[in-house]
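Below is one structure, written out as structure tokens; comments come after it.
All values reported here derive from a predicted model rather than from experimental measurement. Positions are given from 1, in the same order as the sequence printed here.
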Amino acid sequence: MPEPERKSKISASRKLLLKSLMLAKAKEAWDQDHINTQEEKERYLSERVPQENYHGLSLAALQELCRDLHEKVGIVDEERYDIEVKVNHNTREIQDLRMKVLDLRGKFKRPALRRVRVSADAMLRALLGSKHKVSMDLRANLKSVKKEDTEKERPVEVSDWRKNVEAMSGMEGRKKMFDAAKSPPAQ
């Protein structure tokens with residue numbers, strides 16, 4: 001029995017109003033977040049890169065400034081390299097942990113299996129190793145059964161079927177059939 005459709009307690013116009021209010025609030029939050037990141041970026045750059053006036057410096061002072069900047073670039077590159085190595089190491093560790101979690105859950109992707117024809121002996125050798133001599137000959141434990149030749153038991157009599165029909169007709173014929181079914185066949 002299908003469930004009857006429940007009517008919403010909020011009208012469509014009210015839903016639309018709430019949706020527009022939520023979108024407006026989200027846009028305000030996004031704008032504020034964008035402004036905060038810009039301010040943080042400017043503050044960070046003002047701390048790290050001081051404002052200096054390079055006009056009117058002598059050649060020796062400019063060369064000294066270049067050496068200092070070159071040393072700072074080298075230090076920043078070392079830090080960047082160290083951080084990059086840590087990030088790669090953490091990424092690999094996270095990937096390994098994810099694989100362990102998936103293995104524990106048992107929800108890993110199974111590869112597409114191909115049909116391989118392997119004998120039972122080869123399969124046991126692969127599972128148990130080559131040092132174990134196990135034979136999986138299933139036919140060795142079966143009993144041998146002689147097939148009885150049913151044709152030899154009952155020789156087929158070829159006779160005129162019309163005589164047989166005349167002999168078996170009436171009550172006498174039925175009595176002969178009944179007697180024949182009761183007595184075992186002569187051998």
Side-chain angles (χ1 to χ4, degrees), residues 1-140:
M1 182 168 139
E3 291 184 25
E5 290 187 32
R6 288 187 279 165
K7 290 190 176 181
S8 178
K9 293 182 181 180
I10 302 173
S11 66
S13 59
R14 178 79 174 146
K15 276 186 188 178
L16 188 61
L17 176 66
L18 289 174
K19 192 174 185 180
S20 63
L21 287 174
M22 285 173 51
L23 285 173
K25 189 70 174 170
K27 186 177 183 324
E28 285 178 21
W30 185 80
D31 289 340
Q32 186 62 38
D33 188 42
H34 185 68
I35 291 169
N36 288 345
T37 54
Q38 286 294 330
E39 288 174 356
E40 187 176 338
K41 187 178 188 181
E42 289 173 10
R43 183 185 52 79
Y44 181 80
L45 287 176
S46 67
E47 287 177 3
R48 295 287 178 151
V49 182
Q51 297 292 332
E52 293 186 19
N53 189 5
Y54 302 115
H55 298 291
L57 291 177
S58 66
L59 182 63
L62 284 174
Q63 287 176 344
E64 186 63 31
L65 180 68
C66 286
R67 282 189 202 102
D68 289 343
L69 289 175
H70 187 67
E71 286 176 17
K72 288 180 181 179
V73 166
I75 292 170
V76 168
D77 275 346
E78 287 177 14
E79 289 177 4
R80 181 186 56 81
Y81 178 76
D82 291 344
I83 290 172
E84 192 174 311
V85 167
K86 285 180 184 177
V87 165
N88 288 338
H89 177 10
N90 287 342
T91 304
R92 268 187 260 120
E93 191 172 338
I94 287 170
Q95 192 67 24
D96 290 344
L97 290 174
R98 280 186 182 154
M99 291 300 289
K100 284 182 182 178
V101 166
L102 288 175
D103 285 345
L104 290 175
R105 278 191 201 160
K107 290 187 177 180
F108 55 92
K109 289 184 179 177
R110 292 189 176 98
L113 299 177
R114 292 181 291 131
R115 183 173 294 253
V116 179
R117 293 186 183 264
V118 179
S119 68
D121 289 331
M123 195 177 301
L124 280 175
R125 225 177 293 122
L127 290 173
L128 301 175
S130 60
K131 47 189 156 174
H132 295 286
K133 291 278 186 174
V134 178
S135 178
M136 187 89 177
D137 189 12
L138 297 175
R139 293 182 184 146

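- Here CD of Glu42 is found 8.0 Å from CG of Leu45. Values are rounded to the nearest 0.5 Å.
- Residues Glu28 and Asp31 have side chains not in contact (no heavy-atom distance under 4.5 Å, counting atoms from C-beta outward).
- For the atom pair CG of Leu23 and CG of Leu18, the computed distance is 11.0 Å after rounding to the nearest 0.5 Å.
- The CE atom of Met22 sits 9.0 Å away from atom NZ of Lys19, with the distance rounded to the nearest 0.5 Å.
- Rounded to the nearest 0.5 Å, atoms CZ (Arg92) and CG (Asn90) are 9.5 Å apart.
- The structure places CG of Asn88 at 12.0 Å from CD1 of Ile83, a figure rounded to the nearest 0.5 Å.
- Residues forming a side chain to side chain contact (heavy atoms under 4.5 Å, CB included) with Asp77 (at least two apart in sequence, or on another chain): Val73, Arg80.
- Residue pairs satisfying the salt bridge (charged side-chain N to carboxylate O under 4.0 Å, His left out) criterion with at least one member in residues 56-73, sequence neighbours excluded, are listed as follows: Glu64-Arg67.
- Residue Leu59 holds its CG atom at 4.5 Å from CD of Gln63, rounded to the nearest 0.5 Å.
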Do any side-chain atoms of residues 33-40 form donor-acceptor pairs under 3.5 angstrom with protein atoms, and if so which ones, sequence neighbours left out?
unit_1: Asn36; atom_1: OD1; unit_2: Gln32; atom_2: NE2; d: 3.3
unit_1: Asn36; atom_1: ND2; unit_2: Gln32; atom_2: O; d: 3.4
unit_1: Thr37; atom_1: OG1; unit_2: Asp33; atom_2: O; d: 3.3
unit_1: Thr37; atom_1: OG1; unit_2: His34; atom_2: O; d: 2.7

